[in-house]
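Written out below as structure tokens is the structure these notes cover.
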Amino acid sequence: MNKTDLINKIAEGADLTKVDAKKALDATVEAIKDALKKGDKVQLVGFGTFDVVKKPAREGINPATKQKIKIAAKKVAKFKAGAELAEAVNK
């Protein structure tokens with residue numbers, strides 16, 4: 001499912017126009033993004049939790065040259081499925 005398919009599903013399920021469904025989806029994504037940028041956790045009960053995790057700097061190996069390289073520390077977004085979502089996927 002891509003973004004257009006999701007917008008169509010939202011419009012159909014919430015009895016909205018496609019334009020309003022797109023605005024709602026875009027606003028939701030922006031709200032989640034803004035919260036993660038601030039370091040907040042976004043928890044949607046029954047669906048899952050979005051969180052930011054810090055990955056420390058580490059040493060890696062360039063597979064082409066086999067030389068050691070330094071991989072910089074970074075933050076990554078993580079998603080952990082909630083119990084209801086995990087159960088629905090496994091049915």
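In this chain, numbering begins with 1 at the start of the sequence shown.
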>> Would you say F50 ends up clustered with V89 if hydrophobic residues are merged whenever their side chains have heavy atoms under 4.5 Å apart, either directly or through other cluster members?
In response: yes
> Side-chain heavy atoms under 4.5 angstrom apart, residues restricted to Ile, Leu, Val, Met, Phe, Trp, Tyr: same cluster for L25 and V19?
Replying inline: no
>> Which heavy atom of L36 sits nearest to which heavy atom of V52, and what is that distance?
In response: O-CG2, 3.3 Å
> Going by an N to O cut-off under 4.0 Å, is there a salt bridge joining K3 and D26?
Replying inline: yes
> Side chains of E87 and E84: does their closest heavy-atom pair fall under 4.5 Å?
Replying inline: no
> From Q43 CD over to K80 NZ, what is the distance, rounded to the nearest 0.5 angstrom?
Replying inline: 10.0 Å
>> So which atom in T17 and which in D20 form the shortest heavy-atom distance, rounded to 0.1 Å?
In response: OG1-N, 3.0 Å
> Take atom CG in D15; do more than 12 heavy atoms of anything else shown fall under 6.0 Å from it?
Replying inline: no
> Roughly how far, to the nearest 0.5 Å, is the NZ atom of K68 from the CD atom of E59?
Replying inline: 5.0 Å
> So do K70 and R58 actually touch side chain to side chain, heavy atoms under 4.5 Å?
Replying inline: no
>> Please give me the minimum heavy-atom distance between K18 and I7, naming the atom from each residue.
In response: O-CG2, 3.5 Å
> Looking at side-chain heavy atoms only, is the closest gap between I32 and V29 below 4.5 Å?
Replying inline: no
> Which atom names give the shortest non-hydrogen contact between L85 and F47, and what distance separates them?
Replying inline: CD2-O, 3.2 Å
>> Could you check whether any side-chain heavy atom of D51 comes within less than 4.5 Å of a side-chain heavy atom of F79, counting everything from C-beta outward?
In response: no
> Just wondering, do L44 and T49 contact through their side chains at under 4.5 Å, heavy atoms?
Replying inline: no
> K9 and M1: side chain to side chain contact (heavy atoms under 4.5 Å, CB included), yes or no, with the steps?
Replying inline: CA-CA 10 Å; K9 266 308 220 193; M1 176 179 281; 3.9 Å; yes
